[in-house]
There are 2 protein chains.
Amino acid sequence: MPTNELIKGTLGTIILKLLQENGKMYGYDITRVVKQRTDGKILLKEGSLYPALHKLLAEGLVKTEEMLIGNRPRVYYSLTPAGKKQIAIRTEELAGFMESIRTIMGIQTTLSHG
Amino acid sequence: MPTNELIKGTLGTIILKLLQENGKMYGYDITRVVKQRTDGKILLKEGSLYPALHKLLAEGLVKTEEMLIGNRPRVYYSLTPAGKKQIAIRTEELAGFMESIRTIMGIQTTLSHG
DNA sequence: AAGTATACATAGAAAAACTATGCATAGAAA
DNA sequence: TTTCTATGCATAGTTTTTCTATGTATACTT
């Protein structure tokens, strides 16, 4: 029950969200998207990513589909129904947590308003 | 070098920020302020708080001042010059990280604009 | 031929927060 | 007066997460 635990499990939530957007993705793909979307600020390591994916799989939140591209194996991940449900829950949890942190820290969000 | 590590160390940053605002605080005090400011969403446990305070102390970012209230010991923490410098650095780091997460997750911030 | 990018994986280390204790004072409720 | 709750500090040990460091292998580029 991660009521607290100051944000742990963020990576799992990020992965679920990306799968929701893109339908199916494979590991290497995810690292690139995260890197690109964060201007290189968040660099996922294989040692973080693959265990996180395996955990989501064990939890039944994602499923896999293996295929060969040429001679190279590739494992696509996509959401299960349970995974789809989890996204709303986790996103809200994460948003709420970040809102709390912002309240404490007095952090302003970068806004282009017009 | 916590370039990545998905937000670990947030607690230390929170503590520094609260000390900056309030000048000096003691442990139990901090748990109450955090609870209050986050509407009970973040509940610091002693097992998290005191080790975090001790670590900040060991890093030279805070200093202590012990006193007795009646017969009860109380340990006040306040910022050292090094601690004051750290706040800007860590706050920016945390803000940048949260901005990245928001970008990935597509989280909207609650705004009252007019 | 060598280097870089792609692609998956795991073992072991490190860090952070947690649970569960322990001790003790103080005030309120029963 | 006893018990419960709040205050106040502390640590030992566990769990979780991410990391570093490897290992294997294909594919493309130079």
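Hydrogens, waters and symmetry mates are skipped; everything else that's a heavy atom, side chains included, is used. Numbered from 1 within each chain, the chains take letters A, B, ... in sequence-line order.
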>> Taking salt bridge (Lys or Arg N to Asp or Glu O under 4.0 Å) as the definition, give me every residue that meets it alongside K35(A), ordered by chain and number, with sequence neighbours left out.
In response: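 Salt bridge (Lys or Arg N to Asp or Glu O under 4.0 Å) list for K35(A), sorted by chain: empty.
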
Tell me the interatomic distance from [X], atom [atom1], to [N], atom [atom2], rounded to whole angstroms.
X: I69(A); N: dA7(C); atom1: CD1; atom2: P; answer: 8 Å
X: L11(A); N: dT18(D); atom1: CG; atom2: C1'; answer: 8 Å
X: I14(A); N: dT17(D); atom1: CD1; atom2: P; answer: 14 Å
X: L49(A); N: dT20(D); atom1: CG; atom2: P; answer: 14 Å
X: L43(A); N: dT20(D); atom1: CG; atom2: P; answer: 10 Å
X: K55(A); N: dT17(D); atom1: NZ; atom2: C1'; answer: 8 Å
X: K45(B); N: dG13(D); atom1: NZ; atom2: C1'; answer: 17 Å

>> Contact between I107(A) and M98(B) at the side-chain level, heavy atoms closer than 4.5 Å - yes or no?
In response: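 With C-beta onward as the side chain, the pair touches.
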
>> Taking V75(B)'s backbone N and O only, do any of them form a donor-acceptor pair with T64(B)'s side chain (distance below 3.5 Å, no angle check)?
In response: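 Answer holds: no.
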
> Taking R37(B) for the side chain and I104(A) for the main chain, is one N or O donor matched with an acceptor at less than 3.5 Å?
Replying inline: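 A pair under 3.5 Å: yes.
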
> Given a cutoff of under 4.5 Å between side-chain heavy atoms of I, L, V, M, F, W and Y, with clusters grown through shared members, what are the other residues clustered with Y26(B)?
Replying inline: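 Its cluster partners, ordered by chain and number, are Y28(B), M67(B), I69(B), Y76(B).
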
> Start at the 5' end of DNA chain D and walk down; is the nucleotide closest to N71(A) or to G12(A) reached first?
Replying inline: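 Result: G12(A).
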
Distances under 3.5 Å between nitrogen or oxygen atoms of protein and nucleotides 8-12 of chain C:
from: dC8(C); atom 1: OP1; to: V75(A); atom 2: N; distance (Å): 2.9
from: dC8(C); atom 1: OP1; to: V75(A); atom 2: O; distance (Å): 3.4
from: dC8(C); atom 1: OP2; to: G27(A); atom 2: N; distance (Å): 3.2
from: dC8(C); atom 1: OP2; to: Y28(A); atom 2: N; distance (Å): 2.9
from: dC8(C); atom 1: OP2; to: Y50(A); atom 2: OH; distance (Å): 2.9
from: dT10(C); atom 1: OP2; to: H54(A); atom 2: NE2; distance (Å): 3.3

Salt-bridge contact [X]-[Y] (side-chain N to carboxylate O under 4.0 Å):
X: E93(A); Y: K41(B); value: no
X: E65(A); Y: K24(A); value: yes
X: E21(A); Y: K17(A); value: no

> Could you state the interatomic distance from CD1 (I42(B)) to CG (L44(B)), rounded to the nearest 0.5 Å?
Replying inline: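 If I round to the nearest 0.5 Å, the distance is 7.5 Å.
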
>> OP1 or OP2 of dA7(C) versus the side-chain N and O atoms of R32(A): is any pair under 4.0 Å?
In response: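 Answer yes for this pair, as a side-chain N or O of R32(A) is under 4.0 Å from OP1 or OP2.
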
>> Applying a 3.5 angstrom cut-off to the pairing atoms, does DNA chain C sit in any stems of at least three consecutive Watson-Crick or G-U pairs? List them by first number.
In response: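 Stems found: C:1-30 with D:1-30.
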
> What residues in residues 56-67 of chain A put a non-hydrogen atom under 4.0 Å from any atom of DNA chain D?
Replying inline: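 Nothing qualifies; none.
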
What side-chain donor-acceptor pairs closer than 3.5 Å can you find for residues 82-89 of chain B, not counting sequence neighbours?
from: Q86(B); atom 1: OE1; to: R90(B); atom 2: NE; distance (Å): 3.0

>> So if I apply the side-chain contact (heavy atoms from CB on, under 4.5 Å) rule between I15(A) and each of L18(A), T13(A), L19(A), which one comes out positive?
In response: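 Per the side-chain contact (heavy atoms from CB on, under 4.5 Å) rule, the option paired with I15(A) is L19(A), out of L18(A), T13(A), L19(A).
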
